[in-house]
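First up is the structure itself, then whatever we jot down about it.
Naming convention: chains lettered A, B, ... in sequence-line order (proteins, then strands); numbering from 1 in each chain. Please read all numbers here as calculations on a predicted model, not as lab measurements.
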Number of protein chains: 2
Amino acid sequence: MPDNSKSQQKTAEKDLSAQIAQAIRDAILSGDLVADDRLPSEAELSDTYGVSRPTVREALKRLAAQSLIRTKRGASGGAFVHRLSYPEAYGQLATTATLLLSLNEVDFATACRARFALERGCAPLSAQNRDVDHLAAMRAEITRQSQPGLSDEAFCASDVAFHRALVDGASNPVLSWHLAGAVEGMQPLMNMITFRNRDRAEIVALHIRITDALEARDAALIDQLLNALCTVTLRQAEATESLHAQKNSGARI
Amino acid sequence: MPDNSKSQQKTAEKDLSAQIAQAIRDAILSGDLVADDRLPSEAELSDTYGVSRPTVREALKRLAAQSLIRTKRGASGGAFVHRLSYPEAYGQLATTATLLLSLNEVDFATACRARFALERGCAPLSAQNRDVDHLAAMRAEITRQSQPGLSDEAFCASDVAFHRALVDGASNPVLSWHLAGAVEGMQPLMNMITFRNRDRAEIVALHIRITDALEARDAALIDQLLNALCTVTLRQAEATESLHAQKNSGARI
DNA sequence: TCCCCATAAATGTCAGACAATTAAATCGTG
DNA sequence: CACGATTTAATTGTCTGACATTTATGGGGA
């Protein structure tokens, strides 16, 4: 039996803990293990895979970091297949998105266009399924945004909440999840932008029109207004950028 | 000094490895550590945090599982802040999406509507930025899909490739990343659907019209056709479902 | 019957050691 | 002096064994 040994090409010769984690991950994603199933204890796993307990623990920690399992101490404790909740999935997505944008030098325009493209995609569904609660939430955020002397951070937060309410109007949690990740991941880039008062007024005006259009279930108009909002935001970013460039060049000379 | 102990509410009293991982994660996401920065060695970290090396290692494995760091052995080795590549980010997103859909009993209709909503969102950008390469790729997939006797898996794979080319036409990697995750996460649900020949013909016909519309840069038409495709897919899923229900009830009696 | 406590099972943590890998320093030789 | 082989040191990967901590369970006593 010559092929009993590990195939040197396929398994990629990674760490033992990575291999074990992959094996368990596959079992979960393929459905062999379903939510709330209990994995064997660390001692049993170390025996099964022929490795020490620390190695097994490293594998389990890898899975825990991906929210694939959760662990409980004590008798009748152990590692259990975790039913990923939406808030957790949101956190995972936000982390990945933030990392992807910030460490890959994705420019603001690309991220911004992607975000508005996704949001425009769910506008028709929002127009169809929106509830009075969503409209009320959006109007509340508009009131907040209109207050003078609001910090840039607070304005951004309110902006995010407004768009979140708009997306939630689609009543599609999967859609909300994607959009939340897209928006959250942009937050670091977004915080580099400063909104002048005139720009804020323009944005708030568009928000009001969007809310009205949503109330009227006018999907085409929402689409158009979101496009306008995207344009405004991009212009804003350019202005901030040129301002910084100017300042930097001035300081350098 | 009574408050020297861990604050019982704020730090949430998690595992030491989770706390350390969180601290390093924050340092990376906040920008204190940038790509390719080298972390202190495991021995130094264990000394810094006052824990043992296995505990530090568990923390590092958590971060590695999120592709936040990568490790290298040997002298001048260690843990380095990892620049997340798009393929890796794609894998992360796909894992989370698959988990979210399969372990949370998200019904096919919800996932399908979300996917097409996102795809319709990038249709205008694709119409604007599409290249001849994208059109060629889509036409190649259409040819593949039209072959009779194709297995359901192969048909699905070609379908995915077709839509991927459509999305890539937007020339926005962030957008492509989101869509790829949405589609990949649906794969397990998608594989439960069987496409009859008549349905396949209908889908391929729509694909042809979509490609033509993309060539003509007619965003509105693409939007309309994607809507139709969504409707067809949903009808398909319902048919498969009722078929299964029928079979199951028959077997049960 | 009800409460308290011992017990057992499991994860969490530690200490020390050795193996494997890799880059750099060292040495030897032409 | 130059260049290649060898040694060395630093670092991660893995193992062993032990102890601490948490928690469900069951038994004993009031």
Side-chain angles (χ1 to χ4, degrees), chain A residues 5-6 8-9 11-25 28 33 35-82, chain B residues 4-9 11-25 28 33 35-82:
Chain A
S5 65
K6 50 237 165 195
Q8 62 272 39
Q9 288 186 343
T11 57
E13 304 177 8
K14 290 179 296 189
D15 292 345
L16 287 178
S17 67
Q19 289 178 35
I20 295 170
Q22 189 59 53
I24 300 176
R25 186 174 11 247
I28 294 175
L33 292 169
D36 298 329
D37 271 1
R38 183 180 175 281
L39 271 61
S41 71
E42 295 174 351
E44 288 174 290
L45 285 173
S46 67
D47 195 42
T48 300
Y49 289 102
V51 299
S52 66
R53 199 160 78 92
T55 301
V56 167
R57 284 182 59 79
E58 287 179 8
L60 293 178
K61 294 315 168 199
R62 286 175 190 266
L63 299 175
Q66 293 184 305
S67 297
L68 279 153
I69 63 171
R70 84 193 106 85
T71 55
K72 216 180 62 167
R73 295 179 69 167
S76 81
F80 298 83
V81 178
H82 184 52
Chain B
N4 189 12
S5 64
K6 51 235 163 195
S7 53
Q8 59 273 39
Q9 290 186 341
T11 57
E13 302 177 8
K14 291 180 295 186
D15 292 346
L16 287 177
S17 67
Q19 290 178 34
I20 295 169
Q22 189 60 52
I24 299 176
R25 188 180 2 255
I28 294 174
L33 292 168
D36 298 328
D37 272 1
R38 182 181 178 279
L39 271 64
S41 71
E42 296 174 352
E44 287 175 289
L45 285 173
S46 66
D47 195 43
T48 301
Y49 289 102
V51 298
S52 66
R53 200 160 78 94
T55 302
V56 167
R57 283 184 59 81
E58 288 179 8
L60 293 178
K61 294 314 167 196
R62 288 178 190 265
L63 299 175
Q66 293 183 304
S67 297
L68 280 152
I69 63 171
R70 83 193 108 84
T71 55
K72 216 180 62 166
R73 294 179 72 171
S76 80
F80 298 83
V81 177
H82 184 53

### Message
Could you go through B:I24 and B:Y49, starting from their C-alpha distance and side-chain angles, then the distance that decides it, and tell me whether this counts as side-chain contact (heavy atoms from CB on, under 4.5 Å)?
### Response
CA-CA 11 Å; B:I24 299 176; B:Y49 289 102; 4.1 Å; yes

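The phosphate of D:dG13 has neither OP1 nor OP2 within less than 4.0 Å of any side-chain N or O from A:K14. For B:T55, a side-chain nitrogen or oxygen approaches OP1 or OP2 of C:dC14 to under 4.0 Å. Residue A:T71 places at least one side-chain N or O under 4.0 Å from the OP1 or OP2 atom of C:dG12. Between B:S52 and the phosphate of C:dC14, there is a side-chain N or O to OP1/OP2 separation shorter than 4.0 Å.
Nucleotide D:dT11 holds its P atom 17 Å from the CZ atom of B:R70, rounded to whole Å. Per the geometry, OH belonging to A:Y49 stands 15 Å off P belonging to D:dT14, to the nearest Å. Atom-to-atom, CD of A:E42 to C1' of D:dT21 comes out at 13 Å; the value is rounded to the nearest Å. Going from atom CD of B:E58 over to atom C1' of C:dG12 covers 8 Å, rounded to whole Å. Rounded to an integer number of Å, the gap from CG of A:L39 to P of C:dA9 is 20 Å. In this structure, the CG atom of B:L16 is 13 Å from the C1' atom of C:dT11, given to the nearest Å. Put simply, CD1 on A:I20 is 11 Å from C1' on D:dT14, counting in whole angstrom units. The distance between atom CG of B:D47 and atom C1' of D:dT11, rounded to the nearest whole Å, is 16 Å.
Residue A:R73 places a side-chain atom within donor-acceptor reach of the base of D:dT21, judged by atom type and a 3.5 Å distance cut-off alone. Evaluation of atom-type donor-acceptor distances gives a pair under 3.5 Å for the side chain of A:R53 against the base of C:dG12.
The backbone N or O of A:K14 lies less than 3.5 Å from a partner atom in the side chain of A:Q19, making a donor-acceptor pair. A donor-acceptor distance shorter than 3.5 angstrom exists from the side chain of A:T48 to the backbone of A:E44, with no hydrogens or angles considered.
Of the two residues contacting DNA chain D, namely A:S17 and A:K72, the nearest-nucleotide position lying further toward the 5' end is that of A:S17. Between B:E44 and B:P54, it is B:E44 whose nearest contact on DNA chain D lies nearer the 5' terminus.
Residues B:R25 and B:L63 form a side-chain contact, since some pair of their non-hydrogen atoms from C-beta on lies under 4.5 Å apart.
The existence of a salt bridge linking B:R73 and A:D15 is excluded, since no basic side-chain nitrogen approaches an acidic carboxylate oxygen closer than 4.0 Å.
The side chain of B:R38 lies closest to D:dT11 when the candidates are D:dT23, D:dC15, D:dT11.
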